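Report on the following structure.
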Number of protein chains: 2
Amino acid sequence: MDKLTIKQQRILNFIEKHRIEHTYPPTLKEIGEKFKITIGTVQDHIYALQKKGYLERKKDIARGFKVIKSDEEKSFEKMKSDVNLIPLYGNVAAGEPIFASDNIQGYVTMEKNPKGHQIHFALKVKGESMIDSGIYDGDIVIVRKQDTAEDGEIVIALLDDEATVKTLRNKRIKAYLEASNSKYKAIVNRPFQIIGKVIELRRQYSVV
Amino acid sequence: MDKLTIKQQRILNFIEKHRIEHTYPPTLKEIGEKFKITIGTVQDHIYALQKKGYLERKKDIARGFKVIKSDEEKSFEKMKSDVNLIPLYGNVAAGEPIFASDNIQGYVTMEKNPKGHQIHFALKVKGESMIDSGIYDGDIVIVRKQDTAEDGEIVIALLDDEATVKTLRNKRIKAYLEASNSKYKAIVNRPFQIIGKVIELRRQYSVV
DNA sequence: TATTATGCCATATTGATATATGGATAAACT
DNA sequence: AGTTTATCCATATATCAATATGGCATAATA
């Protein structure tokens, strides 16, 4: 693609900017007014932009401009549109509903999972019970909702109506939850329910 | 805002969809063609959409539609636009340039930092030297470029042309680098250069 | 030196688009 | 029963907007 002159670049920018701001591209006249040139001159510029491959336009269509983006810009935009916002829940006291919208503390960005629309959420970890697995107090875990898991996977489990992070031990005889901290005992013989599996961990360091 | 009828909702959706796909909104005629109704009827629908507050339009302006979005939609869009993609670099052998675009392994999404345009990048951690700080082999660290740091902060340092993750010890007498693993010794009396500070850690668990 | 690209003007014409008006039916609401 | 709302139609007109054409000057390029 040939390089654009300053004038051409400005006009191209104006078209795209106008489109974003007004939801529709400008007319030739509007471009002319902006740059204090006549329609005829605008035609020349538009022609140049088309010839150089930076602009497409539909014939006889009002405001029928389409600014061509480079592959790099495109893939960047695509990647951005592939970003999902998932809710970050705060810690929930026993008995309270976990997924109440009142408990949403914010949102966390996450690359969209290619495997369909699975439901994710994020949770702030409280306590030291998973420290031997490198999960610290204050870390954020991103969780995929599911009600089963394999032996050794880190899960969010509902224990006495409270959500906790633990390693699932799914042995032949019985499933139980294990803390990753030698000071804590495994939780055996208590009913629990798995609500999701930890798929990612995030830790934010305080920024000065 | 009054509720929309099915027909009105469809027309509203079409206008927005057309805008996204073509970069400009449709004309009255195009709407009429889509729904096989006459322009007069389209006028009625547009009028209703305006009266109910779902659509704005400029008088005498071709394709002058603007679909009004709810506050919720707006804030979601805004949050998405506040997402940045930062490059993820792979491990670099000693002597090779670190920030060469050849070394970009992918991109990581990150909430845009409100404090201006700082430069960030991401790096995959190799080795066990920071395990006592909960940073494991394979973890991804997000780094803010800077050439100084405070005592105790985790930094990326250039040691013999190789980038490593270490804790900075900035004592009265001399600065040195410390591993967070009792098996490793601190690196004293060797020249190094700080290239950034770790501001976030991410760990992906294998998803089955 | 001839040619092409850039940057500008003016004006006429064709076609695209929006607007205005009037009329009709059925359903919902007061 | 009367009124509003939601659907539709048809047609005329004004204006918006794109296109076509021709001309001029300068700088870069073959």
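Bear in mind the structure is a predicted one, so any value in this text is a computation, not a measurement.
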Q: Round to the nearest Å and state the distance from A/K52 atom NZ to C/dG7 atom C1'.
A: 12 Å
Q) Taking NZ from A/K7 and C1' from C/dA5, how many angstroms apart are they, rounded to a whole number? A) 15 Å
Q) Just one of B/I156, B/T167, B/L123, B/I142 clears the side-chain contact (heavy atoms from CB on, under 4.5 Å) bar with B/V198, so which one? A) B/I156
Q | Protein-nucleotide distance (B/I46, atom CD1; C/dT17, atom P), rounded to Å | A | 15 Å
Q) Strictly under 6.0 Å, is that where the ring centroids of A/Y176 and A/F192 end up? A) no
**Q.** Between P of D/dA28 and NZ of A/K3, the distance in whole Å
**A.** 16 Å
Q) Which residue, B/R63 or B/D44, contacts DNA chain C at a nucleotide closer to its 5' end, judged by nearest heavy atom? A) B/R63
Q. Do B/Q9 and B/K3 have side-chain N/O donor and acceptor atoms under 3.5 Å apart?
A. no
Q. Below 4.0 angstrom from OP1 or OP2 of C/dG7, is there any side-chain N or O of A/T5?
A. yes
**Q.** Spacing between B/D60 atom CG and D/dT13 atom C1', to the nearest angstrom
**A.** 12 Å
Q: Output yes when at least one side-chain N/O atom of A/T41 is less than 4.0 Å from OP1 or OP2 of C/dC9, else no.
A: yes
Q. Between D/dC9 atom P and B/E33 atom CD, what is the distance in whole Å?
A. 13 Å
**Q.** Residue B/T38, side-chain heavy atoms: nucleotide from D/dA6, D/dA10, C/dC9 that is nearest
**A.** D/dA10
(Q) If I take atom CD in residue B/Q8 and atom C1' in nucleotide D/dC8, what distance separates them, rounded to the nearest angstrom? (A) 14 Å
(Q) Go nucleotide by nucleotide along DNA chain C from the 5' end; which of A/A48 and B/R57 gets its closest nucleotide reached first? (A) A/A48
Q: Tell me what A/I39 touches on the nucleic acid: a base, only sugar-phosphate, or nothing, going by heavy atoms under 4.0 Å.
A: base
Q: On DNA chain D, check which nucleotide each of B/G40 and A/T27 is closest to and give me the residue with the more 5' one.
A: B/G40
Q: Give me the ring orientation class for B/Y24 and B/H22: parallel if the planes are under 30° apart, tilted from 30 to 60°, perpendicular past 60°.
A: tilted
Q.
What contact category does B/Q43 fall into here, base, sugar-phosphate, or nothing, at under 4.0 angstrom with non-hydrogen atoms?
A. base
(Q) Within the 4.0 Å heavy-atom criterion, would you say A/L28 contacts the bases, only the backbone, or no part of the nucleic acid? (A) base
Q: Rounded to the nearest angstrom, tell me the gap between atom OH in A/Y24 and atom P in C/dT17.
A: 15 Å
Q. Does C/dA5 have OP1 or OP2 sitting under 4.0 Å from an N or O in the side chain of A/K51?
A. yes
(Q) Can you confirm whether B/I15 sits close enough to B/P26 that some side-chain heavy atom of one is under 4.5 Å from a side-chain heavy atom of the other? (A) yes
Q.
With a 4.0 Å cutoff (strictly under), does any side-chain N or O of A/K29 reach OP1 or OP2 of D/dT19?
A. no
